[in-house]
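Comments concern the structure below.
Please read these numbers as outputs of a predicted model, since none were measured by experiment.
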Amino acid sequence: MIYKTLRFIFGDQLNANHSWYKEEDQTQYLYVIAELKQETDYVKHHIQKVAAFFAAMENFATALKQAQLNVLHLTLDDTHDDACITSLLTRLAKQYQCQQIQYQYPDEYRLKTQLQEFANSSDFNVSATDSEHFLLPFADISDHFKKDKHVKMEFFYRMMRKRFNILMQDNAPLGGQWNFDQDNRNKLKKTDLAAIPEPKIFTNNIEAILQRIKKHQVNTLGHCSATLLWPTSRAQAKQLLDYFCTHLLPCFGKFQDAMTCQSSYKWSLYHSRIAFALNTKMLHPMQVIKQVLAEFAARQEQITLAQIEGFIRQILGWREYVRGIYWQNMPDYASKNELEAARLLPDYFWSGKTKMNCMKQAVTQSLETAYAHHIQRLMITGNFCLLTGIDPNEVDSWYLGIYIDAIEWVEMPNTRGMSQFADGGLIATKPYAASGNYINKMSDYCTSCHYNVKQKSDDTACPFNSLYWQFMHTHEARLARNPRIGMVYKNWQKQDTSQQHAILERAQWCLNNIEKL
């Protein structure tokens with residue numbers, strides 16, 4: 001067959017409502033969806049992540065074929081000789097005698113750059129179009145974000161609420177306030193554990209994909225069975241959203257920062273787990289927002305404004321915000337290291353074998369499910385990396401690889417910015433550093449830990465405690481004038497010199513023996 005135009009679809013562009021597919025004359029187009037070693041190997045990914053992308057891509061290709069479109073779905077078996085995406089596109093365009101190559105703008109800087117260079121040098125007419133997914137158009141990003149300038153998320157979020165008239169009443173926030181953070185910081189008590197709903201999971205058979213991954217020696221991390229629990233089609237993604245709205249939304253906000261190791265559902269709790277479906281574009285953010293708002297309107301006796309606002313802030317606010325930060329600051333953002341951190345990740349980030357129970361729980365869960373919720377990422381593993389001075393490049397690679405929903409545009413600002421403060425405050429107004437006290441406040445991890453969360457300096461003391469004070473002490477010149485953490489230094493100065501010395505000595509021991517913690 002001969003086609004006029006080759007249209008390439010990335011694995012995170014599975015948007016069935018894209019205008020491409022609504023054009024009347026489809027005979028001239030060949031849609032290409034391809035598994036590529038380039039995309040499996042640029043970082044070491046969780047095996048469930050690779051399998052989920054491949055399965056979702058295959059299902060999307062099948063759906064397009066059922067819609068009578070011309071689709072070429074290529075597996076690693078078909079593309080193993082293609083060194084990169086541009087060589088594949090060139091080969092296919094020649095094979096099918098295409099005059100044009102079209103693609104949707106990628107969401108990662110490396111791909112955008114690669115394809116722009118290809119467009120400038122190719123003999124084919126290469127052009128790009130919007131992915132038609134995000135709420136803030138790409139062209140509008142520069143109106144709200146400036147390179148190397150801090151933008152407060154709260155103000156951006158309020159602008160988006162007004163722009164789309166979400167949770168607004170007479171141009172004011174519904175309920176008289178913009179957010180309900182103070183209502184959304186509950187710890188799970190023993191009486192709450194039995195009420196945690198069973199998570200919605202799937203049993204997608206991925207045996208053929210796993211065989212392909214092994215055959216082509218894709219280097220992965222984590223664990224995976226023959227069936228995948230994550231949604232790999234638009235229908236399944238919608239089922240997961242429906243389940244969240246029906247069973248989890250009533251308690252989402254209240255327990256969104258909570259952690260536990262005392263429940264069979266400790267990994268899922270009340271979280272929606274739709275980020276993979278959103279980031280692959282099987283779900284549209286406004287579709288999610290509208291469904292959640294409809295649920296709120298129908299069940300206001302069960303779902304409070306605090307629950308709904310906390311969730312919408314993540315979709316309408318935070319998700320769009322980090323995208324703006326990413327694009328306005330790349331490529332320089334990828335090398336920012338404000339705190340000059342240089343330590344390597346300890347081995348237990350790859351095994352979960354550590355005596356720190358909070359770290360064991362968060363890392364083991366990540367290896368087993370390719371998932372951890374935002375507080376586990378920010379205040380457990382991220383906090384530990386911040387306190388111990390892990391190189392942001394190391395942290396970036398681990399987060400980008402291990403989480404099923406991690407695509408660089410969303411991962412990097414969350415990791416390098418929010419978690420590691422490596423951007424010097426472009427996102428966060430202070431480092432998100434915390435001692436064991438915070439972990440004990442928001443979880444039950446500490447009750448069954450090898451270390452004593454109440455101690456700071458003896459041999460049994462929780463490493464987070466001394467490392468926290470060591471971090472604050474090390475960066476005092478940089479942080480002491482920060483109004484959000486000035487009180488921390490006053491508390492440090494109240495401690496006698498011998499106690500300070502003992503804490504710092506314990507912290508240094510922890511750093512020197514980081515692999516043994």
Side-chain angles (χ1 to χ4, degrees), residues 153 181-182 184-188 252-262 266-271 275 310 313-314 318 322 339 341 345-346 348-349 352 354 356-366 369 371-390 392 395-396 398-399 402-403 405-406 410-411 413-423 425 427-449 451 453 456 462-472 475 479 482 484-485 488 507 510 517:
M153 204 290 278
D181 269 353
Q182 296 301 321
N184 292 340
R185 294 172 181 167
N186 291 33
K187 179 177 180 176
L188 289 160
F252 165 79
K254 181 164 56 172
F255 294 123
Q256 67 176 306
D257 289 359
M259 299 171 283
T260 182
C261 57
Q262 302 298 319
K266 60 187 178 182
W267 69 283
S268 55
L269 301 178
Y270 290 93
H271 297 279
R313 188 174 348 124
Q314 292 187 3
W318 187 252
V322 295
L339 302 182
L345 277 173
Y348 38 82
F349 272 76
T354 169
M356 296 175 286
N357 191 41
C358 60
M359 286 289 290
K360 178 182 178 181
Q361 294 293 329
V363 173
T364 300
Q365 174 184 310
S366 301
T369 66
Y371 173 78
H373 68 72
H374 66 287
I375 290 297
Q376 290 175 308
R377 301 187 200 192
L378 177 65
M379 301 309 299
I380 303 296
T381 51
N383 184 26
F384 181 81
C385 291
L386 175 67
L387 299 182
T388 54
I390 306 296
V395 188
D396 259 342
W398 187 79
Y399 276 86
I402 200 167
Y403 292 120
D405 51 38
V410 67
E411 173 276 324
N414 272 289
T415 302
R416 193 172 288 259
M418 186 69 173
S419 171
Q420 300 305 293
F421 204 68
D423 66 4
I427 291 181
T429 53
K430 71 177 183 66
Y432 273 79
S435 67
N437 181 57
Y438 173 85
I439 298 169
N440 192 36
K441 178 182 177 183
M442 295 308 303
S443 77
D444 52 26
Y445 293 155
C446 301
T447 57
S448 53
C449 186
Y451 297 105
V453 71
K456 298 177 183 177
C462 169
F464 280 84
N465 290 338
S466 59
L467 290 170
Y468 170 77
W469 286 115
Q470 189 268 352
F471 174 85
M472 301 306 295
H475 299 291
L479 301 176
N482 188 314
R484 294 193 66 191
I485 52 179
V488 169
C510 289
L517 294 178

Report yes or no: does [X] contribute a side-chain atom to a donor-acceptor pair with the main-chain N or O of [Y] at less than 3.5 Å?
X: Gln420; Y: Leu386; value: yes
X: Asn383; Y: Ala434; value: yes
X: Tyr399; Y: Asn414; value: no
X: Gln376; Y: Thr381; value: no

- State whether Phe252 and Lys254 meet the cation-pi test: NZ (Lys) or CZ (Arg) under 6.0 Å from the six-membered ring centroid, and within 45° of the perpendicular axis.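 Output no; distance or angle outside limits.
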- Return yes when atom NZ of Lys441 has more than 12 non-hydrogen atoms of other residues, nucleotides or ligands closer than 6.0 Å, and no otherwise.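 For Lys441, atom NZ is not crowded (no more than 12 foreign heavy atoms under 6.0 Å).
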Taking the side chain as everything from C-beta on, heavy atoms only, tell me whether [X] gets closer than 4.5 Å to [Y].
X: Met259; Y: Ile380; value: yes
X: Pro346; Y: Phe384; value: yes
X: Gln470; Y: Leu387; value: no

- Verdict with reasoning, Gln365 to Lys266, per side-chain hydrogen bond (donor to acceptor under 3.5 Å, both in side chains): CA-CA 9 Å; Gln365 174 184 310; Lys266 60 187 178 182; over 6 Å; no
- Item | Criterion side-chain hydrogen bond (donor to acceptor under 3.5 Å, both in side chains) against Gln256, the qualifying member of Gln314, His271, His373 |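 For Gln256, the side-chain hydrogen bond (donor to acceptor under 3.5 Å, both in side chains) check succeeds only for Gln314.
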- Is the centre of the Tyr270 ring less than 6.0 Å from the centre of the Phe255 ring?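 Ring centroids of Tyr270 and Phe255 are less than 6.0 Å from each other.
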- Query: Ser366 and Tyr371: side-chain donor and acceptor closer than 3.5 Å?
  - Reply: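 No, because no side-chain N or O of Ser366 sits under 3.5 Å from a partner of the opposite role on Tyr371.
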- Message: Within the 3.5 Å criterion, strictly below it, is a donor on Glu411 or Thr415 matched to an acceptor on the partner's side chain?
- Response: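 Short answer, yes.
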- Non-neighbouring partners of Ser268 that pass side chain to side chain contact (heavy atoms under 4.5 Å, CB included), sequence neighbours left out: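 Here the qualifying residues are Pro199, Tyr265, Arg273.
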